[in-house]
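See structure below.
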Amino acid sequence: MPEGPSLVILKELAKPYEGRTIAKAHGNSKGIPFDELPGQPIISVRTWGKHFLMELPLLSLRVHLLMFGSYRIDEEKDGASPRLSLSFEEGGELNFYTCSVKTIDGDLDDAYDWSADVMADAWKPAAALKKLRAAPDMLVTDALLDQTIFSGVGNIIKNEVLFRLRIHPLSTVGALPAPKLRELVKQARQYSFEFLEWKKAFALKQHWLVHTKRICPRCNIALHKAHLGKTQRRTFWCERCQKRYSAVL
DNA sequence: CTAAATGTTAAGCC
DNA sequence: GGGCTTAACATTTA
């Protein structure tokens with residue numbers, strides 16, 4: 001479920017719970033003060049990249065769905081114990097499964113750099129560019145997955161953005177011409193919003209051009225697939241269509 | 001049935 | 001302590 005756009009969908013679904021007061025809280029997450037939650041209203045529901053945040057008067061709850069996380073709203077998941085379950089005095093419940101739940105003390109605006117979230121109103125392309133220019137040796141396949149630069153971008157978005165821009169995943173950030181680097185920043189957000197619309201229409205997969213694919217849709221030759229970069233994530237690319245920008249000529 | 005995958009974090013080791 | 005590697009987590013799909 002979990003790249004940035006999917007979290008935006010969760011945020012929209014959870015929005016009606018803003019202002020409701022927690023009646024009961026439980027779950028099998030460790031380190032969560034479930035006893036302290038009843039009586040606290042949800043002040044706001046927010047997201048930062050892949051983080052789902054519920055702001056309460058005394059603390060905030062942070063849910064990260066990781067790779068396999070899921071949620072149910074106003075119902076429970078069959079045969080699963082929630083990591084976090086909240087029910088409300090006004091009715092309704094939010095249940096989260098197979099996820100990481102943590103508390104955050106203090107103001108959320110101090111805890112997060114909102115300008116790094118590609119889905120956020122506060123997104124600042126200039127800030128991303130600055131971070132990229134500070135790391136010229138980084139591979140673009142790693143740069144797009146760096147949550148401090150492109151919070152919310154995941155492996156699908158990474159593969160599709162690189163193909164769309166015809167950039168080889170093993171290009172280094174510093175070798176990209178300035179206009180190409182600006183395009184990278186722009187498309188990281190642009191593609192993420194298209195992802196959001198496709199996801200809402202249950203038509204995400206049909207828009208994938210290279211992710212999980214075997215043939216290049218532009219030139220019909222076989223795509224390459226390998227686990228690249230620091231994180232060794234699955235990468236799909238076309239050796240003919242995607243140019244490898246390298247510092248060494 | 002087995003493997004792999006939209007992801008992060010903590011522990012362990014130089 | 002930094003920086004890197006590895007394991008751990010745990011569900012669904014191919």
Side-chain angles (χ1 to χ4, degrees), chain A residues 1-11 13 27-32 47-53 61-72 75-85 95-104 111-113 116-119 134-135 137-164 169 187-215 223-237:
Chain A
M1 289 236 89
E3 296 193 30
S6 302
L7 270 287
V8 170
I9 292 171
L10 168 55
K11 175 170 65 178
L13 292 172
N28 59 16
S29 299
K30 288 176 184 171
I32 303 299
T47 54
W48 179 83
K50 300 164 191 170
H51 297 209
F52 176 69
L53 303 162
L61 294 168
R62 190 216 74 176
V63 176
H64 198 304
L65 296 171
L66 300 171
M67 197 87 99
F68 317 124
S70 60
Y71 58 85
R72 294 291 187 274
E75 61 177 15
E76 292 174 29
K77 190 174 179 181
D78 287 341
S81 304
R83 284 281 156 76
L84 172 66
S85 173
N95 297 309
F96 301 91
Y97 305 87
T98 4
C99 55
S100 164
V101 183
K102 294 201 170 170
T103 58
I104 297 172
Y112 288 101
D113 172 10
D117 180 359
V118 297
M119 303 305 294
D137 295 333
M138 197 184 334
L139 300 177
V140 286
T141 191
D142 286 327
L144 279 168
L145 293 177
D146 188 323
Q147 299 299 295
T148 67
I149 305 175
F150 296 110
S151 174
V153 170
N155 205 36
I156 297 171
I157 295 171
K158 175 200 79 176
N159 281 320
E160 295 295 325
V161 165
L162 291 177
F163 179 73
R164 181 177 271 192
Q187 279 300 325
R189 178 173 169 92
Q190 174 70 34
Y191 187 88
S192 295
F193 276 89
E194 290 179 38
F195 182 122
L196 173 60
E197 292 311 310
W198 294 331
K199 180 99 185 168
K200 283 181 176 175
F202 303 101
L204 180 61
K205 287 187 185 182
Q206 70 195 55
H207 288 275
W208 291 349
L209 298 179
V210 289
H211 188 77
T212 73
K213 304 296 181 187
R214 302 182 66 171
I215 304 292
L223 289 170
H224 285 244
K225 173 189 169 185
H227 291 81
L228 302 182
K230 272 191 306 195
T231 51
Q232 292 286 295
R233 301 297 304 280
R234 203 161 57 138
T235 308
F236 299 85
W237 76 98

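All values below were derived from every heavy atom in this structure, side-chain atoms included, with hydrogens, water molecules and symmetry-related copies excluded. We name chains A, B, ... by the order of the sequence lines, and we start the count at 1 in each one.
- Both K77(A) and K230(A) sit near DNA chain C, but only K230(A) has its closest nucleotide nearer the 5' end.
- Taking the side chain of Q147(A) as heavy atoms from C-beta on, and the options dT6(B), dA10(B), dT8(B), the nearest nucleotide is dT8(B).
- Distance OH (Y97(A)) to C1' (dT12(C)): 16 Å, rounded to an integer number of Å.
- Proximity note for F68(A) (side chain, C-beta onward) versus dT9(B), dT11(C), dG7(B): the nearest is dT11(C).
- Side-chain proximity of T98(A) to the nucleotides dA10(C), dA10(B), dT6(B) is greatest for dA10(C).
- The separation of dT6(B) from dC4(C), taken at their P atoms, amounts to 23 Å, rounded to a whole angstrom.
- Across every strand in view, dT6(B) sits unpaired, with no contact that passes the Watson-Crick or G-U test at under 3.5 angstrom.
- Test R164(A), E160(A), K199(A) against E194(A) for side-chain contact (heavy atoms from CB on, under 4.5 Å) and you get one pass: R164(A).
- Within the nucleic acid shown, K158(A) has no heavy atom closer than 4.0 Å to any nucleic acid atom.
- When distances run from any side-chain atom of H211(A) to the nucleotides dT9(B), dT6(B), dG7(B), the shortest one goes to dT6(B).
- Here the nucleotide nearest the side chain of K50(A), chosen from dT8(B), dC9(C), dT9(B), is dT8(B).
- Across all strands, H51(A) comes closer than 4.0 Å to no nucleic acid atom at all (heavy-atom distances).
- Picking from dG7(B), dT6(B), dT9(B) the nucleotide with the shortest atom distance to the side chain of H64(A) gives dG7(B).
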